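In what follows, residues are counted from 1 in the order of the sequence shown. Computed from a predicted structure; not experimentally measured.
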Amino acid sequence: SLKDMFRSTFSMSSEDAPDALRGMQRYMALPFTGERVGSSTPCMEDTASVARIVQELLKSGWDPKPTAWRDDASAPPQF
């Protein structure tokens, strides 16, 4: 989950890591206006927030690893 990636990247305990997107943005000093722009929806705003947080995690040294794979496109995923 995003919280797990965040916690791992910043070496935080589960209790100390923010639970929500706004808390993660606040910790990383990322802007959050909370205002809708044009026809954006709360879902679109959350998606943009997740993208900003993931970008910052990558800049901070997070190295994503696969958690599932398939031997071919029709095979079931393996974990």
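The shortest heavy-atom contact between D71 and A75 is N-CB, 4.1 Å. The two residues R52 and P31 come nearest to each other via the heavy atoms NH1-O, 4.1 Å.
Following chains of ILVMFWY side-chain contacts shorter than 4.5 Å, one can reach Y27 starting from L58, so the two form part of one hydrophobic cluster.
The only option from V50, L2, L30 that meets the side chain to side chain contact (heavy atoms under 4.5 Å, CB included) definition with M24 turns out to be L2.
In this structure, the side chain of S49 engages the main chain of E45 through a donor-acceptor pair within 3.5 Å.
Annotation: side chain of M5 is not in contact with side chain of I53 (no heavy-atom distance under 4.5 Å).
The CZ atom of F6 lies 5.5 Å from the CE atom of M28; values are rounded to the nearest 0.5 Å. Considering OG of S8 and CG of D63, their distance stands at 10.5 Å, rounded to 0.5 Å.
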